[in-house]
Novice: 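Starting off with a structure, shown below.
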There are 4 protein chains.
Amino acid sequence: MARPRSEETRRAALIAAVDLVGEGGLVAATFSAIAARAGTSRVTLYKWWDSPAALVLDALLEGTTASVTHAPELSTRDALAHQMHALVELLTDDGRTGAALRAVTAQAGSDPALRTELVEHWLGPRRAVAAGLLQRGQARGEVREGIDVEAAVDVLFAPLYHRLLFGHGPVDDRLVDAVLDLFAGFA
Amino acid sequence: MARPRSEETRRAALIAAVDLVGEGGLVAATFSAIAARAGTSRVTLYKWWDSPAALVLDALLEGTTASVTHAPELSTRDALAHQMHALVELLTDDGRTGAALRAVTAQAGSDPALRTELVEHWLGPRRAVAAGLLQRGQARGEVREGIDVEAAVDVLFAPLYHRLLFGHGPVDDRLVDAVLDLFAGFA
Amino acid sequence: MARPRSEETRRAALIAAVDLVGEGGLVAATFSAIAARAGTSRVTLYKWWDSPAALVLDALLEGTTASVTHAPELSTRDALAHQMHALVELLTDDGRTGAALRAVTAQAGSDPALRTELVEHWLGPRRAVAAGLLQRGQARGEVREGIDVEAAVDVLFAPLYHRLLFGHGPVDDRLVDAVLDLFAGFA
Amino acid sequence: MARPRSEETRRAALIAAVDLVGEGGLVAATFSAIAARAGTSRVTLYKWWDSPAALVLDALLEGTTASVTHAPELSTRDALAHQMHALVELLTDDGRTGAALRAVTAQAGSDPALRTELVEHWLGPRRAVAAGLLQRGQARGEVREGIDVEAAVDVLFAPLYHRLLFGHGPVDDRLVDAVLDLFAGFA
DNA sequence: AAATAAGCGAGACGGTACGTCCTGTCTTAGC
DNA sequence: GCTAAGACAGGACGTACCGTCTCGCTTATTT
């Protein structure tokens, strides 16, 4: 019995936010700036999102829902490699997504609510996929039984996020191969 | 030929900054708040540091200069374990340092200048030590010859920083052991 | 289609400003102090006034709108005397207005925008009245035809403002009488 | 047993101050700016002057000491006209002096100490000369006996300062003539 | 069809931090 | 003892954004 939320406004906000992050980092993506660019009212943004970072995260999740892939025919190593390469590509592709993810990641360090969201909706699902692959590998005999699966996921993916954040080395396919080469989890 | 910088003021600022980060994250550590707590002038802070994060980093570096250890009698694995455990302890000890490092790390994601400082003065020296251990290990025959040393350092340490940032799992000695167990760099 | 300006806030600012000028001169009437005393936000003041002096001028204009008087039955000399005495009374009455006018007048010397405002909304209307009286006097034959009306207005009123500013002599009714006695404009 | 005050430094400060006032008004003539331009230390300025305005006034007095003229052969009217024209010339000549005087005058409105200085060392001597001329005129029979001499001085000179401050009309020789024409003090 | 309720743009407002400027005081060292 | 150099606390400046608050218009449902 009331007017429904305007989808048009919502999309305009998401696009404006990601654009602004791409141009000037998360600092540039203030509610004021997003509202101005999206042609909406600031109050509307406050109503639907807690912070600019939450808005960017929302955009991020919307833009990359189809990242969970099924490939039963691949070996565990190849499947993991596939997922890692996909992440690398995502982070380095057009810059937009990488910049947005880096911004949100950084902000999460000083915003517990955002961190929870990020872990729950971004990191969690991706970790679950990787953990699933490792467990499937154990069932198949391709992965050692005794390993700490959670730690293994960290060993495989943390280097990528780590370099994304600090920029002390490139995030590329060579890194993925090197990490897999140094991973002692395979049988 | 002029009044020298007040060391007292400087220390008060460092302490106030770290305390504030511990209490309310980097958001709480504004120059205004630091100045108020340290009993100094805001302008003085602007004069000596570029941002609150830079100030916190300064405090961090000052508080942990003696982290580079020599232990030639240890095996490469034990030496690396030692360094990793030391990092874990640092991050979990009183909470202060961990919170500060998390804050600075996060902020580095959206502050290139800070990132440079952080990589140069915090991450760099620690990575150099680890890389040195790995190379010494290669000379000793304890570490495989063909590995990518830089990537190896990432594989070993990134999981710790990763969990520090996202909090999706504990940063403890068990994690260190699990990571070392999954590290395929040893001969 | 938006929240209307708060008249309450506006009045509080005007009162606070005049009070502060009365207590400590225009130096004391900073936007910070006015905001603090009026219980408003500093930013709101910046939004509506260019400077504390402009705010005080606003208050001045608001407080003395009814100064233009009609008295067709008076002679030109008496009408001018009336206006001059009214100004004297205004400047010496409670001290508030005199102090405010002195402050604004002084400030106008180093603030072109304020000077324009002051001339346009304070000095101008009052000069126009006086000039009107003189011209009416010329039509009536009470004032010499050949005089420079603008200069005459200066001769009559400048001494009052001059003494207000420098305080080298009293601004009182005796001065008004003396000035009129020394004015050679009457036929 | 001590180093004497540096005359060189003093002159540099005076020149710098007047220059700065000429360029950007009294607002631009801060102790900081004067010190920087004069190549002296700020503290030295604090030691010798109370405020930038006092410094400018000092320069003003120094530059125009020779303005008191003797001319016994002139009529009272001509002598007064001479003094008034001299003032007009001073205020309009190169702009430097006029700007400085206007600035100091304005500042005097909100600085009692400066006002005292200004009245005592600038306005007072000039008023005394004019008053002296009027009294000499009374002795000679050129000036009416019954007039208020102080008020007369105001009537003659206030219009010049008034226009200088408000800029509502030109300060020129025509004004001087008009004022003298409207002055009813002559016998 | 009208009433109702929420969505929304516009903009005012108090609040807080920003980064800068100047003040007045101080400390140190050179002349 | 004058001076230059510069550190420091303090306070105002003008700006930006935040989060909240009226407003009044628009847009769907729901009686």
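The sequence lines fix the lettering, A, B, ..., with proteins before strands; numbering per chain opens at 1. Values in this document were obtained by computation on a predicted structure and should not be read as measured data.
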Novice: May I have the distance from C:R37 (atom CZ) to E:dG14 (atom P), rounded to whole angstrom?
Specialist: 17 Å
Novice: Return the value, rounded to whole Å, for the distance between atom NZ of C:K47 and atom C1' of F:dC13.
Specialist: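 Value for this atom pair: 19 Å.
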Novice: Is there a donor-acceptor pair under 3.5 Å between the side chain of C:R42 and the backbone N or O of C:S32?
Specialist: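 The answer is no, because no donor-acceptor pair under 3.5 Å joins these two groups.
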Novice: My understanding is that only residues two or more places apart in sequence, or in another chain, count here; which of them pass salt bridge (Lys or Arg N to Asp or Glu O under 4.0 Å) with D:E23?
Specialist: D:R37
Novice: When the distance from CD of A:E8 to P of E:dG7 is rounded to whole Å, what number comes out?
Specialist: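 Rounded to the whole Å, the gap is 17 Å.
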Novice: Write out all pairs satisfying side-chain hydrogen bond (donor to acceptor under 3.5 Å, both in side chains) with one or both partners inside residues 107-118 of chain B, taking only residues at least two apart or from two chains.
Specialist: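 Sorted result for residues 107-118 of chain B: B:E117-B:H121.
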Novice: Closer to the 5' end of DNA chain E via nearest nucleotide, is it B:D50 or C:G39?
Specialist: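 Its nearest nucleotide being more 5', the pick is C:G39.
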Novice: Between C1' on E:dA17 and CG on B:L26, what's the gap in Å once rounded to a whole number?
Specialist: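 Checked: the CG to C1' distance equals 14 Å.
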Novice: For the base of E:dG19, is there a side-chain donor-acceptor partner from B:R42 under 3.5 Å away?
Specialist: yes
Novice: Hey, which of these two, B:S6 or C:T30, hits DNA chain F nearer its 5' end, going by closest nucleotide?
Specialist: B:S6
Novice: Do A:R3 and E:dA6 have a side chain to base donor-acceptor pair shorter than 3.5 Å?
Specialist: no
Novice: Measure from CH2 on A:W48 to P on E:dG9 and round the result to the nearest Å.
Specialist: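 Those two atoms, CH2 and P, are 12 Å apart.
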Novice: Round to a whole Å and report the spacing from CG of C:L45 to P of F:dA12.
Specialist: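 In whole Å, F:dA12 P lies 13 Å from C:L45 CG.
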Novice: Which is more 5' along DNA chain F, the nucleotide nearest C:A29 or the one nearest A:F31? Just name the residue.
Specialist: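 Comparing both residues, the 5'-ward one is C:A29.
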Novice: To the nearest Å, how far apart are D:R10 CZ and F:dT3 P?
Specialist: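 Going from CZ in D:R10 over to P in F:dT3 covers 12 Å.
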Novice: Using whole Å, report how far CD1 of A:I34 lies from C1' of E:dG9.
Specialist: 17 Å
Novice: In terms of the nearest nucleotide of DNA chain E, which residue is placed more toward the 5' end: C:V43 or B:Y46?
Specialist: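 Its nearest nucleotide being more 5', the pick is C:V43.
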Novice: Nearest 0.5 angstrom please: D:W122 CH2 to D:L60 CG, how far?
Specialist: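 Here the interatomic distance stands at 5.0 Å.
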Novice: Donor-acceptor pair, C:R96 side chain versus C:G22 backbone, under 3.5 Å?
Specialist: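 No, C:R96 side chain to C:G22 backbone: no donor-acceptor pair under 3.5 Å.
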Novice: Students often get this wrong, so: under 4.0 angstrom with heavy atoms, is D:S32 touching a base, only sugar-phosphate, or nothing?
Specialist: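 Here D:S32 touches the bases of the nucleic acid.
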Novice: Quick one: is E:dA12 close enough that its OP1 or OP2 comes under 4.0 Å of any side-chain N or O from C:T9?
Specialist: no
Novice: Measure distances between side-chain N and O atoms of A:T44 and base N and O atoms of E:dG7, and say whether any donor-acceptor pair falls under 3.5 Å.
Specialist: no
